[in-house]
Amino acid sequence: MKKRFGFSWRLAATGIKKNSKLYIPYILAEIGMTAVFYILYAMSDIELLSAMGGGRTLKIVLNLGSFVMAIFSLGMLFYTNTFIIRTRIKEFGLYNILGMGKRNIAGLLVAETVISGGLSILTGIAAGLILSKLAEILLAALLGVTPNYALSIDLPGIGMTLLLFLIINLLVMLKSVIKICRLNTIDLLKNEKTGEKPPKAGVLLAVCGFIILGIAYYMAVSISDPLKAILLFFVAVIMVIVATYILFIVGSVTICKLLQKKKGYYYKTEHFVSLSTMSFRMKRNGAGLALICILSTMVLVMIASSSCMYFGKETMFNERYPRLFMNEIGIKAELDKSSRDIIENRYRTLCNEIIEKNNAAATNIMDMEILWSTLRFKDGEFSVDEKIYSYDALNDDRSDIWDVCFISTEDYNSYTGENCVLNDNEAICCEYGDRFRADKVRINGELDYTIKERVEDFYRPGAVSSSLGKIVVFIVNKLPLEDSGIFQGRYIRWEYNFDILGNIEDNSEIANMAREAGNKVCEEFENKLVYCLGERRDEAVEDFFALYGGLFFIGCILSFIFISALVMMLYYRQISEGYEDRSRFEIMQKIGMTDADIRRSINSQMKTVFYMPLLAAVVHLCFAFPMIYRCLIVIGISSLSSLLTAAAVSVAAFAIIYTIVYKITSNSYYKLVK
């Protein structure tokens, strides 16, 4: 019994060694995924996050990243193990003929899984322990904070990583054992030569695929409401995935049949063998190409969006916090000007008392009243629609909803230093998030304004937009409070923002000034206020940059993993097909096919289908672009040019990587079949 047990382990080690071309990439991939999972899991509990203001936000992002990594690892190891088992089925058939029963072969698979999985998990955890500190330093650099250089070991992280990948290896092993046990000896020997029939009813499937893809594309380009775009984004993604699989499987078969009908193309040395083998197993090839396309799309979307967020974070933060102190009071709109002045002067006085007491000075003051309301714009007229505040995000149309702000010329001139003069029926327009193209507007059938001028570099009022990004600001002679019933029940947003000359870090009284002043004003004028808010730029900076830095960090890691998985998929695809095609090319060599002919045939086969996934991924990205932009608007990214630049750079860089992979995998295939 001991000898049989030892023989199984020796045979398993020999099998892994002789099939090193299959097992080394598999083991390296599992080592990488193990290390990355440990890094993400362990980093969610590092001292750096506990000490910083935005640590809580970043912990959520890292935990989400580790969850995505766990799901991806399970799917990827299942997928690549399928190639290994398929390639070795004939070997297992020979073992069966030589006297090994299904139970012995199953034991051999268990031994191979223990050896490869144990080596991968232990090496991966060791690599994770070493690289986690490097990842922590990189994250600290992205966040602009000082890292802790002391090496630490996260025992819960090691335990969770060990448990996860033990379960994954157990599931992979069970799948392999079940597959082998279901095949008889003849199947084991002939499985390698068994082709897959192309799918039936190709035309009908193709039509369904185009319809599904067309609906998904239409959703992506037609939805203008950012919130609806977020809710339907994953629906569109699922539809694109389904359509991609259908079209690649059916489309690949159709292309092969069309090319075979072209005698001038088909009956050439460089095309004949490659096209014959492609059509023989195109159902499986099509599914593989579809998965490559989907992975490529994921990488492009992730790199473009995360890099746009990270490199645009300074602009977003400056727009959100243009002053050190950001103070905002909601005053009921029915109050007259004198009553509002009393409240505003009281707040100014409280702030100035604290500032003067501490021998400091306020500078760069922004003092502005903003009449704010969310309205529906249709046929050149803004109107109230109560459904705006209680709506179904999936069914109600919000494409014509705007946050409308009115600012007086007095406040505008005070803020900009200009001397703007307007008639009562004239307005200056400034929009954010979308283009407001009307030259004349009517407010609730009562107020009419002609757009005299459009400005772009004006202060964006407020931080929260009910329309999720679409804001239009009208500078007018006076706020239309008494002139229209549309603003009854609304409120005036008074913003009093300023900087302080000097350092406030060591002065808690000035640091808490806005909060203390706000509390007193709320107590004194409780019945006249809607809300009172006070924020400090220096308090918000850590949380803000932690979010965007963390998302970029996760985006970089996951993009690297997805690209690595893509390389491994392409490699296994070429290796498995190389083993299958070796005998066919041997026959062709015997009847006069040279090495140069083989090289041309391989290049023909790969170029025919290799760049199809990349091209389809770029098309997917182009159609998804409007929806991605709408989603980014919600978190404050309104620069379309930045997203376009990030997308273009991402596509160019990925295309270069993809081409390098093409060269490497084609050489691996050539070495097997020549």
Side-chain angles (χ1 to χ4, degrees), residues 1-31 33-34 70-125 161-196 281 284 287-288 568-569 571-573 575-580:
M1 184 70 180
K2 289 184 178 179
K3 288 184 178 180
R4 183 181 297 177
F5 182 79
F7 175 74
S8 297
W9 285 93
R10 288 195 300 273
L11 191 60
T14 302
I16 293 175
K17 184 178 179 181
K18 288 186 176 180
N19 293 280
S20 58
K21 289 184 178 180
L22 298 174
Y23 276 98
I24 288 178
Y26 180 83
I27 292 172
L28 290 176
E30 188 172 356
I31 289 173
M33 286 183 278
T34 305
I71 300 298
F72 178 77
S73 299
L74 175 63
M76 198 62 216
L77 291 177
F78 259 76
Y79 183 86
T80 51
N81 181 260
T82 301
F83 283 101
I84 295 176
I85 297 302
R86 180 179 176 84
T87 304
R88 297 190 63 199
I89 278 180
K90 185 177 180 180
E91 177 186 338
F92 296 138
L94 291 173
Y95 288 154
N96 192 226
I97 290 176
L98 294 174
M100 291 183 66
K102 295 287 182 66
R103 183 178 297 180
N104 302 118
I105 296 176
L108 178 62
L109 287 172
V110 172
E112 288 184 354
T113 303
V114 172
I115 294 173
S116 62
L119 178 63
S120 301
I121 294 173
L122 294 177
T123 308
I125 291 176
T161 305
L162 187 63
L163 177 62
L164 172 67
F165 283 89
L166 283 176
I167 293 174
I168 291 177
N169 277 275
L170 177 62
L171 294 174
V172 170
M173 179 190 69
L174 289 174
K175 181 183 76 71
S176 301
V177 170
I178 292 172
K179 180 177 178 61
I180 293 298
C181 290
R182 284 182 174 179
L183 297 174
N184 56 41
T185 303
I186 296 177
D187 291 331
L188 289 171
L189 289 172
K190 292 187 176 181
N191 187 80
E192 188 185 44
K193 298 180 180 179
T194 302
E196 296 190 42
R281 55 169 180 258
R284 177 160 45 87
M568 190 169 64
M569 284 176 55
Y571 173 80
Y572 274 117
R573 178 175 173 271
I575 290 295
S576 62
E577 292 181 3
Y579 279 113
E580 294 179 10

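Just so it is clear, the model here is predicted, and its values are computed rather than measured. Below, each value reflects all heavy atoms present in this structure, side chains not excepted, and no hydrogens, waters or symmetry copies.
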Task: Distance-minimising heavy-atom pair for I115 and W9 - done: CG1-CZ3, 3.7 Å
TODO: Give the minimum heavy-atom separation between S20 and P25, together with the two atoms involved.
DONE: O-CD, 3.8 Å
Open item on the list: Test of understanding: with side chain to side chain donor-acceptor pair (under 3.5 Å), list the residues that count as partners of S176, not counting sequence neighbours.
Closed with: N81
Open item on the list: Run the side chain to side chain donor-acceptor pair (under 3.5 Å) test against Y23 and tell me which residues pass, sequence neighbours left out.
Closed with: R88, E112
Open item on the list: Measuring from atom CD1 of I125 to atom CD1 of I31, what distance do you get when rounded to the nearest 0.5 angstrom?
Closed with: 11.5 Å
- [ ] Check each of L164, L162, L163 against L166 using the side-chain contact (heavy atoms from CB on, under 4.5 Å) test, and report the only one that passes.
- [x] L162
- [ ] Give me the one residue out of I121, T123, L119, V172 that meets side-chain contact (heavy atoms from CB on, under 4.5 Å) with E30.
- [x] I121
Please enumerate all residues that pass side-chain contact (heavy atoms from CB on, under 4.5 Å) together with [X], with sequence neighbours excluded.
{"X": "S73", "value": "M33, M69, F165, I168"}
{"X": "L174", "value": "L170"}
{"X": "V177", "value": "A106, L109, M173, C181"}
{"X": "L122", "value": "none"}

